[in-house]
Amino acid sequence: MCREGVPRGRQSCAQVHRTSTDSRWLLPCNLVSVNPADLRSAVRAAVAAVVDNGELSVPVPDEVTVERPKVKGHGDYATSVALQLAKPAGLPPRDVAALIKAQLERADGIDSVEIAGPGFLNIWLSGAALGQVVGEVLAAGAAYGTNEVAAGQNINLEFVSANPTGPIHIGGVRWAAVGDALARLLQASGAKVTREYYFNDHGAQIDRFARSLLAAARGEAAPEDGYGSAYIAEIAQRVTEQVPDVLSQDDPQEVFRDRGVSLMFEEIKASLHDFGVDFDVYFHENSLHDSGAVHRAIERLRGLGHMYVADGAEWLRTTQFGDDKDRVVIKSDGEPAYISGDLAYYLDKRERGFDRVIIMLGADHSGYVGRLMAMCEAFGDVPRVNLQILIGQLVNLVKDGEPLRMSKRNGTVISLEDLVEAIGVDAARYALVRSSADSQIDIDLDLWASAKSDNPVWYVQYAATRAASVLRHAADLDLAAGGEVALLTHPRESELMLALAEFPSVVATAAELREPHRVARYLEEKVAKSAQRFWDECQVLPKGDAQPEPTTAPRLLLWQATRVVLENGLGLLGVSAPERM
RNA sequence: GCGCUCAUAGCUCAGUUGGAUAGAGCAGCCGCCUUCUAAGCGGCAGGUCGCAGGUUCGAGUCCUGCUGGGCGCACCA
């Protein structure tokens, strides 16, 4: 298919008491970590204990829900497990909650437990337990946030795949940012990821491109169905420079095709590289036709009995697998239809050993999902497992309150370069990944170019530079980070540590749901926000000639940990974490 | 006409597996700088989660219908 967008273009701990291994240098005592997964284990252990001593007669659930409450005042963490167990236990939820509360309160690291509302358990952690997260972050460093949810998966992630007939337009740019971020998230979650670009160098669109180049070189008007923008003349010019006698050759169009396509492709690769996106594999559609892969894929489907002949053409019975209509694979003129390339390409990816094939497409290709899923099933695979298709909505750029439609650079649709030129790579990438791909977004160029907290990427980067700034000044004053993190009991400190503790689960969730925007939202609403609030109320460095406070050294540890999370988080999005701004 | 998708504050958007009083930022109003970057922070105000039903102890979240945006519906690629 044409991949162009519209204008064509963490182990479970069976015991509540556990010896910390990650932060031995900070806290020698037995503590429940603030890692939500560990707290979940603690809650489950409390349930198991209540069941063991016969107070409650229910199967112990494999998984219990422990989450950060949405509302302040509902604890550091909260669980609705009592509500879930009330029915099977045949007891009022608050009675079940009371039993679990009694067990939970015995756990070290848990400061207090409260029964609230219909039977929620609100849990407050001790300052020492909270402080432990600082040690965990610093011990892991750049690896903090990595997890195992996608461990063992071999994923092929195809995105962008814009046709080499023009610059990458804004739709493709969204996928470049989101796809690359998703690749990083999946890698951080333990998957082996291959970033792949399907280079569509076969077919009629390329023919039109070649004819357009030829026309431009001859000074003629663009062909009716061709491309006529400024970049065409530019590419034609370059081909002419490379091959001065091109116009007098036997088949100049063929020269323009070869040279033009590679020039255009190199330009696309270069702009993506400048955007921080590099692919492991650039797959040429032509190679599928040349190698006989297309023929083999069709032969395979014939063997499986999914092909039939009608009206002089050969069809794939995709309706058997939920598609709207059957699809022509070989046209009545004997030529393979476009879908034949997709058949061969999917099979090729599976034969290369990928157990999960993910393809990111624009909303204008939502109609392709049915047939591609049918194809997947026809090959005997499981749709939505072996093959996943992510559909992203379109992006609008807004300048001075008006939608921007045309590129100044070449008079066509807005390109990658236009966007980067307007707001820079960091802002562009961040703007594109901070919203769900399901929603159509407006990017206000004035907002994203501004240096104030209205600008989300600026806000997050500013928090990172504040961390760097404090640490730099501390170094100048010969103040070392260290001391007792248990001294970090200020509400702003607790809030920040709770935020830092969430990072690995945010990464895991974002990877599993293929939603990189969750990381961005977490960084701005939880980490950057808490860090700014910490900054505002918790002076770290001694003022004037004052002596350092006992909290000075542990607060420096907290700033270090904050810096790590911001760097790691931004890194997953392909956005820099500057030292200064 | 059929299919996919979206609809949450004036605006731009969060809210996976159903849980408490639906959140953030901007815009508006009121406060906080002899202090590590005020390029910041706090507070007030702002909502029939498009509409109507249904399932459930409980629905923004699941189901059905409807309305309104976006996208798509070729032996084109």
Side-chain angles (χ1 to χ4, degrees), chain A residues 1-6 8 63 65 67 69-71 73-74 78 80 83-84 86-87 93 116-120 122 163 165 200 202-208 225 285 310-315 324-325 327-333 335-339 341 362-370 391 393-394 398 434-436 438-444 447 450-456 458-459 462-463 465-466 468-474 476-477 492 509-510 512-513 515 517-518 520-522 524-526 529 532-544 546 555 559 580-581:
Chain A
M1 88 204 69
C2 158
R3 307 294 164 98
E4 285 284 277
V6 126
R8 285 309 150 196
E63 285 292 325
T65 304
E67 50 190 21
K70 293 170 186 166
V71 181
H74 289 168
S80 61
L83 290 168
Q84 292 161 343
K87 195 179 249 179
F120 291 100
N122 297 336
N163 286 351
T165 54
N200 210 307
H202 183 93
Q205 271 193 100
I206 298 295
D207 291 340
R208 286 201 288 272
D225 56 352
E285 184 189 0
D311 303 327
E314 192 164 2
W315 302 65
D324 303 343
K325 56 183 80 169
R327 305 293 169 176
V328 168
V329 176
I330 295 179
K331 300 187 280 187
S332 51
D333 65 5
E335 289 296 314
Y338 185 81
I339 195 175
D364 52 330
H365 284 81
S366 55
Y368 285 79
V369 177
I391 298 292
Q393 300 301 315
L394 304 179
V398 175
R434 93 182 270 274
S435 291
S436 164
D438 291 338
S439 60
Q440 298 175 49
I441 52 170
D442 289 338
I443 295 180
D444 182 331
L447 171 68
S450 71
K452 50 180 180 166
S453 55
D454 307 15
N455 179 350
W458 184 89
Y459 184 74
Y462 184 49
T465 61
R466 279 196 148 168
S469 171
V470 172
L471 296 170
R472 202 162 50 231
H473 283 94
D476 291 345
L477 295 170
R492 298 281 171 92
T509 303
E512 279 191 295
L513 299 175
E515 293 184 348
H517 75 273
R518 290 171 180 273
R521 296 296 175 153
Y522 159 78
E524 54 191 87
E525 290 166 14
K526 300 285 180 64
K529 186 66 184 175
Q532 299 281 20
R533 284 163 55 87
F534 172 51
W535 168 283
D536 193 57
E537 275 197 29
C538 301
Q539 173 78 25
V540 178
L541 302 175
K543 299 179 188 176
R555 279 178 174 171
W559 272 119
R580 303 166 195 268
M581 292 179 75

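Quick caveat: nothing in here was measured; it's all calculated off a predicted structure. Reminder, nothing fancy here: chain letters follow the sequence lines and each chain counts from 1.
Contact of the Met581(A) side chain with the Tyr462(A) side chain is registered, since non-hydrogen atoms from C-beta on lie closer than 4.5 Å. Residues Ile443(A) and Val398(A) have side chains not in contact (no heavy-atom distance under 4.5 Å, counting atoms from C-beta outward). With a 4.5 Å cut-off on side-chain heavy atoms, Val329(A) and Trp315(A) do not count as touching. Cys538(A) is listed as a side-chain neighbour of Arg555(A), based on a closest heavy-atom distance under 4.5 Å.
The phosphate of U37(B) has OP1 or OP2 within less than 4.0 Å of a side-chain N or O from His473(A). OP1 and OP2 of C36(B) both lie 4.0 Å or more from every side-chain N or O belonging to Trp559(A). A sub-4.0 Å separation between OP1 or OP2 of A14(B) and a side-chain N or O of Ser439(A) is present. Side-chain N/O atoms of Tyr459(A) include one lying less than 4.0 angstrom from OP1 or OP2 on C41(B). Between G15(B) and His517(A), a contact under 4.0 Å exists linking OP1 or OP2 to a side-chain N or O. Taking side-chain N and O atoms only, Arg466(A) has a distance below 4.0 Å to OP1 or OP2 of A38(B). Phosphate contact (OP1/OP2 of G15(B), side-chain N/O of Arg518(A), threshold under 4.0 Å): present.
Using a 4.0 Å heavy-atom distance criterion, Gln539(A) is classed as a base contact. Among the protein residues, Asp444(A) comes within range of no part of the nucleic acid, since none of its heavy atoms lies under 4.0 Å from any strand. Using a 4.0 Å heavy-atom criterion, one finds that Ile441(A) contacts the sugar-phosphate atoms exclusively. Within 4.0 Å (heavy atoms only), Ala204(A) reaches sugar-phosphate atoms of the nucleic acid but no base atom. Within the nucleic acid shown, Gln440(A) comes within 4.0 Å of at least one base atom, counting heavy atoms only. Among the protein residues, Ser435(A) comes within range of the sugar-phosphate backbone only, with heavy atoms under 4.0 Å from sugar or phosphate atoms but none that close to a base. Residue contacts for Ser436(A): at a heavy-atom cut-off of 4.0 Å it reaches the sugar-phosphate backbone alone, with no base atom in range. Ala86(A) comes within 4.0 angstrom of nothing in the nucleic acid, heavy atoms only.
Relative to the side chain of Ser366(A), the nucleotides C71(B), U37(B), U5(B) differ in distance, and C71(B) lies closest.
In terms of the side chain to side chain donor-acceptor pair (under 3.5 Å) criterion, residue partners of Glu515(A) (sequence neighbours excluded) are, by chain and number, Arg518(A).
Rounded to the nearest 0.5 angstrom, Asn200(A) CG and Asn163(A) CG are separated by 4.5 Å.
Put simply, the side chain of Arg521(A) gets close to the backbone of Arg434(A): a donor and an acceptor are under 3.5 Å apart.
Stacking between Phe120(A) and the base of A20(B) is present: ring centres sit under 5.5 Å apart and the planes differ by under 30 degrees.
With the nearest nucleotide of RNA chain B identified for both His202(A) and Asp438(A), Asp438(A) has the one nearer the 5' end. Heavy-atom distances to RNA chain B give each of Arg533(A) and Gly312(A) a nearest nucleotide, and the one nearer the 5′ end belongs to Arg533(A).
Under the 30°/60° scheme for interplanar angles, the aromatic rings of Trp559(A) and Trp535(A) are found to stand perpendicular.
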Filtered N/O pairs between nucleotides 22-29 of chain B and protein, under 3.5 Å:
| unit_1 | atom_1 | unit_2 | atom_2 | d |
| --- | --- | --- | --- | --- |
| G25(B) | OP1 | Lys529(A) | NZ | 3.4 |

Secondary structure of RNA chain B in dot-bracket form (Watson-Crick or G-U wobble, distances below 3.5 Å, | marking inter-strand pairs): (((((((..((((.....[...)))).(((((.......))))).....(((((..]....))))))))))))....

